[in-house]
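Shown next, in structure tokens, is the structure this report addresses.
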Amino acid sequence: MSDNKQYTPIKVDLEKDKRYAWYTCSHSENQPFFDGSHRKHYATPSLGFAVEENKTCHLCRCKLTNNPPYCDGSHKN
Ligand code: FES
């Protein structure tokens with residue numbers, strides 16, 4: 001079983017009103033985004049989100065955040 005969890009956030013440029021799918025499990029080969037890998041691992045699917053303006057964000061890759069999809073520093077614990 002693959003596990004692509006990484007314990008640091010990733011800085012990404014997000015576009016206003018574009019729909020994104022943050023992966024809630026650690027199996028995606030395209031972290032932190034959806035690639036469909038959860039199906040073969042019987043894991044949870046993605047969390048859809050959008051932003052109201054173009055901005056740069058740090059998205060969580062450790063999956064421990066209390067504010068998904070954004071990094072809240074929980075990876076340091
Ligand atoms: S990378 Fe997950 S909380 Fe920071």
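All ligand and atom numbering here is 1-based and tracks the order in the structure.
- Residue contact annotation: H75 places an N/O/S atom under 2.8 Å from atom 4 (Fe) of ligand 1.
- The distance from ligand 1 to the heavy atoms of D72 drops below 4.0 Å at these ligand atoms: 3 (S).
- Neither the backbone nor the side chain of K76 comes within 4.0 Å of ligand 1, counting heavy atoms alone.
- Which parts of ligand 1 touch P9 is read off a 4.0 Å heavy-atom cut-off, strictly below it: atoms 1 (S).
- Under the 3.5 Å distance criterion, with hydrogens and angles disregarded, no donor-acceptor pair is assigned to the side chains of T65 and N67.
- Remark: the backbone N or O of T8 is paired with a side-chain donor or acceptor of R61 at under 3.5 angstrom.
- When heavy-atom distances to ligand 1 are checked against a 4.0 Å cut-off, T8 comes that close only through its backbone atoms N, CA, C and O.
- When atom types are taken as modelled, the side chain of D13 and the backbone of T56 share no donor-acceptor pair closer than 3.5 angstrom.
- Counting heavy atoms from C-beta outward, C71 and L59 have side chains that stay 4.5 Å or more apart.
- Less than 4.0 angstrom separates some heavy atom of C60 from each of these atoms of ligand 1: 1 (S), 2 (Fe), 3 (S).
- One N or O on the side chain of Y20 and one on the backbone of E15 form a donor-acceptor pair closer than 3.5 Å.
- Contact annotation: the side chain of W22 approaches that of P68 to within less than 4.5 Å [non-hydrogen atoms, C-beta and beyond].
- Residue contact annotation: C71 places an N/O/S atom under 2.8 Å from atom 4 (Fe) of ligand 1.
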